[in-house]
Amino acid sequence: SSMETDTRKVIVKWGKQKFEVELCMNEPVLTFKEQLYSLSSVPPERQKIMGVKGGQLKDDAKWEQLGIKDGQMLMMVGSSEVVQAPTEKTKFIEDLPASAQQVALYPPGMKNLGNTCYMNATVQFLKAAPELLTQLTKCTLPQQDAESAMVGSFRSLLQTLNNSHQTVLPASFYMLLLSVYPQFGEAQEKGQHTVAKQQDAEECYTNLVTSIMRSIRPPTNEPNPIKLLFEGELLTTYQCEEAPSEPSSTARDVFYKLSCNIDANVTHVVNGLNLSLNGQIEKNSPSLGRSATYRKTQQVSRLPYYLTVQFVRFFWKASIGKKSKIVKPVAFPRLLDLYELCAPDLKTKLLETRRRLFGEEDEKPEDKAAAPAAATPAAAPEKQTPASEKMDVDAAVPAASPAAEVVEPAFTNTTGQYELVAVLSHKGMESDGGHYVCWAKDPATGQWLLYDDDKVRPIDESEIAKLDGKGGGDWHCAYMCLYRSVKTSKRE
């Protein structure tokens, strides 16, 4: 086997229990301790591990130098942080009352460690993309630094959330997150106690995605999982408004999320995306030799497999010295069509697939699925309305005929269409206050679940539409949406 995924299966004996653990030879000892923590609830700092060369396993040891072999027996000493309940007869799911059976059937929530709902919601939001863990598992973490340890811990946490039915305590991931991003550890006085402040979930998401991107080394010749799943590209054109004869310039930039800006006219996510992609900026003009106003026009030139949309609901309010929230309703659909926002070359490609799958013609007004008049915001600019009408009507995406089987590279979006798989919402008026939760579609069952820290319950899909902001600051309001490319080859 190649150096990249060099692993050994070892057996770790802890009291009367034995754990079989797959150990990655070129990862820090802390990653191994994380795995043991998720199996035993013994925090890494309390784990004493014997059975290696030189006696006790040291945190800075390198596995290669210890000559670990497959099937090697190690021994762990240490008390778990979970108070062991008095032993009782094993209960089987089938024997439980229906209500308790339900709990055992849902994936677990995460304990709030003191204003950490922003972190818990972010982890559940990313877990709604199951391919992320599959891809992360193939990668190594070559740098032995705090950031790699944090990403390793995130990976272990996702594995634990997938394999457990009990509330998960994300303590070591949280400590490692704070070691890399100390700003999340900002404290506030509360009575006699000092507690961590609530943080902005979008900042947590962006930092985590950036860290994964930086730390992970994929197998040879394979793209980074974040690039593979979450990266799109924008084609930006700048036209000088003060010197119309100056040739326009273009640039290509990658993105990991698109922003939905909100002003008086935005009533639908597509209006808000348009608002953030097009506008005016100040920059230096070569022909005028000074700073001038440019019109910025951005179009999507490559679609990501998973699209994250952030609703820019928080703004700095100088009068109160903190971020305040815009609670204007903005609708977001279950099926999102980005075709209108794509660059011409990409539109041409998408149209071929769309014709084959949905029998779509070139843009003609009568092809637009008519939406109820109410869905058309009167104030929105004319050219945006067709896109937003087209989007809320499920009929605009007829099922493909079985003959239209398409073989396409994994993780590409070939139609411009996306389906909603998770929503991270915020309740309250300030980003560093209030409460964050995650509403996600369970990839295994298709059931929508609400993850509110350690409480997890099934919800009806109709609840999701109510997160559009109509409930004001007192109700949950979508802050980030995760959309997955509509699967075309396995379409029913």
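These figures come from a predicted structure and were not determined experimentally.
Within the model, atoms CG of L450 and OG of S425 stand 7.5 Å from one another, a figure rounded to the nearest 0.5 Å. Note that CD of E352 is 13.5 Å distant from OG1 of T415, once rounded to the nearest 0.5 Å. Atoms CZ and CD1, from F230 and I212 in turn, are 8.0 Å apart once rounded to the nearest 0.5 Å. Considering NZ of K441 and CD of Q447, their distance stands at 10.0 Å, rounded to 0.5 Å. For the atom pair L258 CG and C481 SG, the distance stands at 12.0 Å (nearest 0.5 Å). Interatomic distance, CG of L277 versus SG of C260, reported as 10.0 Å (0.5 Å rounding).
Looking only at side-chain heavy atoms (C-beta outward), M110 and L161 come within less than 4.5 Å of each other. In this structure, the side chains of L420 and W448 come closer than 4.5 Å at one or more pairs of heavy atoms. Counting heavy atoms from C-beta outward, Y339 and L346 have side chains that stay 4.5 Å or more apart. When side chains are defined from C-beta on, N274 does not count as touching E340, because their heavy atoms never get closer than 4.5 Å. Counting heavy atoms from C-beta outward, E461 and R334 have side chains that approach closer than 4.5 Å. Contact check for L482 versus L424: no side-chain heavy atoms found under the 4.5 Å cut-off. Between E186 and Q199, the closest side-chain pair of non-hydrogen atoms falls below 4.5 Å. Within the 4.5 Å cutoff, the side chain of P130 has no heavy atoms near those of the N162 side chain.
More than 12 heavy-atom neighbours from other residues, nucleotides or ligands sit within 6.0 angstrom of CE on M213. Residue-environment remark: CZ (R457) stays at or below the threshold of 12 foreign heavy atoms within 6.0 Å. When the shell of 6.0 Å around CD of E463 is examined, it contains more than 12 heavy atoms from other residues, nucleotides or ligands. At most 12 heavy atoms of other shown residues, nucleotides or ligands fall within 6.0 angstrom of atom NZ in K111.
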Could you go through the side chain to side chain donor-acceptor pair (under 3.5 Å) check for S462 and D460 one step at a time?
CA-CA 5 Å; S462 60; D460 195 272; 2.8 Å; yes
Steps toward side chain to side chain donor-acceptor pair (under 3.5 Å) verdict (S153, E34):
CA-CA 6 Å; S153 175; E34 286 293 330; 3.2 Å; yes
Side chain to side chain donor-acceptor pair (under 3.5 Å) assessment of S211 paired with Y181
CA-CA 10 Å; S211 284; Y181 296 107; 2.7 Å; yes
Run the side chain to side chain contact (heavy atoms under 4.5 Å, CB included) test on V423 and F332 for me, step by step, so that the C-alpha distance in whole Å, both residues' side-chain angles and the decisive distance to 0.1 Å come before the verdict.
CA-CA 10 Å; V423 180; F332 55 94; 4.1 Å; yes
Please determine whether side chain to side chain donor-acceptor pair (under 3.5 Å) holds for the pair E231 and Y256, giving the CA-CA distance in whole Å, both sets of side-chain angles, and the decisive distance to 0.1 Å.
CA-CA 5 Å; E231 186 181 276; Y256 297 102; 2.6 Å; yes
Before you tell me yes or no, could you show the steps for L307 and L336 under side chain to side chain contact (heavy atoms under 4.5 Å, CB included), namely the whole-Å CA-CA distance, both residues' side-chain angles and the distance that decides it to 0.1 Å?
CA-CA 10 Å; L307 171 72; L336 175 63; 3.8 Å; yes
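By the 30° and 60° cut-offs, the orientation of the rings of F173 relative to F154 is tilted. Below 30°, between 30° and 60°, or above 60°: for W439 and H476 the angle between ring planes is above 60°, a perpendicular geometry.
Contacts of A243 classified as side-chain contact (heavy atoms from CB on, under 4.5 Å), with partners at least two apart in sequence or in another chain: C240, E246, S287, L288. Every side-chain hydrogen bond (donor to acceptor under 3.5 Å, both in side chains) that D442 has, sequence neighbours left out, goes to T445.
Checked by atom type, the side-chain pair D345/T348 shows no donor-acceptor distance below 3.5 Å. No hydrogens or angles considered: nothing links the side chains of S485 and Q417 as a donor-acceptor pair under 3.5 Å.
For the pair K283 and Y238, the cation-pi test (distance below 6.0 Å, angle within 45°) is passed.
Residues D337 and R354 are paired through a salt bridge, judged by an N-O separation under 4.0 Å between the basic side chain and the carboxylate. E242 has a carboxylate O that lies under 4.0 Å from a charged side-chain N of R290, or vice versa, which qualifies the two as a salt bridge.
Residue Q124 comes nearest to P108 through the heavy atom pair NE2-O, 3.3 Å, listed as atom of the first residue, atom of the second, then distance. For the pair D468 and A331, the tightest heavy-atom approach, listed with the atom from each and the gap, is CB-CA, 4.2 Å.
Counting only residues at least two apart or on different chains, the salt bridge (Lys or Arg N to Asp or Glu O under 4.0 Å) pairs with a member in residues 153-173 are E27-R155.
Each of Y205, Y436, F184 was scored for a ring-ring contact (aromatic ring centres under 6.0 Å, His included) with Y118, with one residue passing: F184.
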